[in-house]
Amino acid sequence: MAADYIGRFAPSPSGPLHAGSLVAALASYLDARVHGGRWLLRIEDIDETRTVPGAADAIVAALAALDMRSDGPVLVQSQRKHRYQAARDRLGALAYPCGCSRKEIADSRVGTASDGAAIYPGTCRRGLAPGKVARTLRMQVPDAGSEGELVRFDDRWLGPQSQHLAAEAGDFVLQRADGFWAYQLAVVVDDADQGVTDIVRGADLLDSTARQIYLQRQLGYATPRYLHVPLLTNAAGEKFSKQNGAQALDLSQPLEELRRAAHFLGIDAGAARDREAFWTLSLAAWDARFGAG
């Protein structure tokens, strides 16, 4: 991999940087540096109802305190709604209005997706029923067994992956009932616009990858390489997140925070007595496992 490698870290500004998000940030940063590429930051605030004022600036500052700085302008999703609308327009009839409520979808009992959501039964594919008003915008996936319905990809950490879109995801939301663009569309457009070649992120987003690859193909975008790192969990086995009360990093001890994140990724940086030594050890360890060879 040459200098055309572009990676990214894309936190949501719903709170401060915490240990779980640092794991993903560190992995993506190490991968970009090992491959001689660029590392970009993106603020994923497409769901503006969850945005905490000042959190985006605090995240950027925390990363800088840990020696991780973006190699280009920081992209902000809430400023890019016109790009998501343009992508929707390109999708044409594959994107269709849906008038179904969550309860109606759940009551259809078609099945449950691997992320726990009820699979949409396709009720509005042929148009809204009389009296129905559009609530969301959905992306039509291929019918079971048809071309393109099975999406395969190789994950650099987890190995070969596959998903049957019809059976395991169903027609998914592109624009929500509250008017906000959905994550699946926004992230695909953003990655393409930033020229991202490699996505390194948490394994909680593994299930979204097939839908994103499908969208990439419909929009004529290149598909990046993927690497999903394990999730840091709390004592209850839940994902370490802001919603579960994850505390902000202790930036008075940046080396200790970096060491803990590296240890979780299987990197032994315990011998590092300063941050310069930490990066030397960590880059060598990542290169040995995930480098270009």
List the atom of [X], the atom of [Y], and the distance in Å for their closest heavy-atom pair.
{"X": "Cys98", "Y": "Tyr120", "answer": "SG-OH, 3.2 Å"}
{"X": "Ile59", "Y": "Pro16", "answer": "CG1-C, 4.4 Å"}
{"X": "Ala19", "Y": "Leu249", "answer": "N-CD2, 3.5 Å"}
{"X": "Arg152", "Y": "Arg217", "answer": "O-NH2, 4.3 Å"}
{"X": "Ala269", "Y": "Ser282", "answer": "CB-OG, 4.0 Å"}
{"X": "Pro97", "Y": "Leu128", "answer": "O-CD2, 3.8 Å"}

- Would you check, one step at a time, whether the test side chain to side chain contact (heavy atoms under 4.5 Å, CB included) holds for Trp181 with Leu137? CA-CA 9 Å; Trp181 293 103; Leu137 188 72; 4.3 Å; yes
In this structure, would [X] and [Y] fall into the same cluster of hydrophobic residues linked by side-chain contacts under 4.5 Å?
{"X": "Leu94", "Y": "Leu219", "value": "yes"}
{"X": "Leu40", "Y": "Leu75", "value": "no"}
{"X": "Leu165", "Y": "Leu205", "value": "yes"}
{"X": "Leu26", "Y": "Leu283", "value": "yes"}
{"X": "Val189", "Y": "Leu91", "value": "yes"}

Look only at the side chain of [X] and the backbone of [Y], and say whether a donor-acceptor pair between them is shorter than 3.5 Å.
{"X": "His18", "Y": "Gly20", "value": "yes"}
{"X": "Glu257", "Y": "Leu251", "value": "no"}
{"X": "Arg176", "Y": "Ala182", "value": "no"}
{"X": "Ser21", "Y": "Leu17", "value": "no"}
{"X": "Arg69", "Y": "Leu66", "value": "no"}
{"X": "Ser12", "Y": "Ser14", "value": "no"}
{"X": "Asp143", "Y": "Ser146", "value": "no"}

- Message: Around atom CZ of Arg260, are there more than 12 heavy atoms from other residues, nucleotides or ligands closer than 6.0 Å?
- Response: yes
- Is the CZ atom of Arg102 crowded by more than 12 outside heavy atoms at less than 6.0 Å? no
Taking the side chain as every heavy atom from C-beta outward, state whether [X] and [Y] have any atom pair closer than 4.5 Å.
{"X": "Phe153", "Y": "Pro160", "result": "no"}
{"X": "Val200", "Y": "His228", "result": "no"}
{"X": "Pro13", "Y": "Val52", "result": "no"}
{"X": "Phe290", "Y": "Val34", "result": "no"}
{"X": "Cys100", "Y": "Cys124", "result": "yes"}
{"X": "Ile119", "Y": "Phe172", "result": "no"}
{"X": "Val23", "Y": "Leu265", "result": "yes"}
{"X": "Asp207", "Y": "Gln163", "result": "yes"}

Less than 4.0 Å between a side-chain N and a carboxylate O, is that true for [Y] and [X]?
{"X": "Asp31", "Y": "Arg289", "value": "no"}
{"X": "Asp190", "Y": "Arg42", "value": "yes"}
{"X": "Arg38", "Y": "Asp4", "value": "no"}
{"X": "Arg156", "Y": "Asp198", "value": "yes"}

Would you say [Y] and [X] are linked by a side-chain donor-acceptor pair, where the criterion is simply a distance under 3.5 Å?
{"X": "His164", "Y": "Glu149", "value": "yes"}
{"X": "Arg88", "Y": "Tyr84", "value": "no"}
{"X": "Asp171", "Y": "Tyr96", "value": "yes"}
{"X": "Arg201", "Y": "Thr209", "value": "yes"}
{"X": "Thr223", "Y": "Gln216", "value": "yes"}
{"X": "Ser28", "Y": "Trp39", "value": "yes"}

- Query: Can you check side chain to side chain contact (heavy atoms under 4.5 Å, CB included) on Arg90 and Gln218, steps first, answer last?
  - Reply: CA-CA 9 Å; Arg90 288 176 60 188; Gln218 304 315 306; over 6 Å; no
[X] side, atom [atom1]; [Y] side, atom [atom2] - distance, nearest 0.5 Å:
{"X": "Ser101", "Y": "Lys132", "atom1": "OG", "atom2": "NZ", "answer": "6.0 Å"}
{"X": "Leu22", "Y": "Phe264", "atom1": "CG", "atom2": "CZ", "answer": "11.5 Å"}
{"X": "Thr51", "Y": "Glu44", "atom1": "OG1", "atom2": "CD", "answer": "11.0 Å"}
{"X": "Gln77", "Y": "Glu48", "atom1": "CD", "atom2": "CD", "answer": "10.0 Å"}
{"X": "Gln175", "Y": "Gln85", "atom1": "CD", "atom2": "CD", "answer": "7.0 Å"}
{"X": "Ile46", "Y": "Arg80", "atom1": "CD1", "atom2": "CZ", "answer": "9.5 Å"}

- Please lay out, stage by stage, how Trp286 and Arg33 fare under the test side chain to side chain contact (heavy atoms under 4.5 Å, CB included). CA-CA 10 Å; Trp286 192 270; Arg33 292 295 175 254; over 6 Å; no
- Query: Centroid-to-centroid, Trp157 to Tyr226, below 6.0 Å?
  - Reply: no
- Query: Would the Tyr29 and Trp279 ring centres measure less than 6.0 Å apart?
  - Reply: yes
- Query: Under the side chain to side chain contact (heavy atoms under 4.5 Å, CB included) criterion, do Arg8 and Leu41 qualify, and how do the steps go?
  - Reply: CA-CA 6 Å; Arg8 48 79 160 174; Leu41 277 178; over 6 Å; no
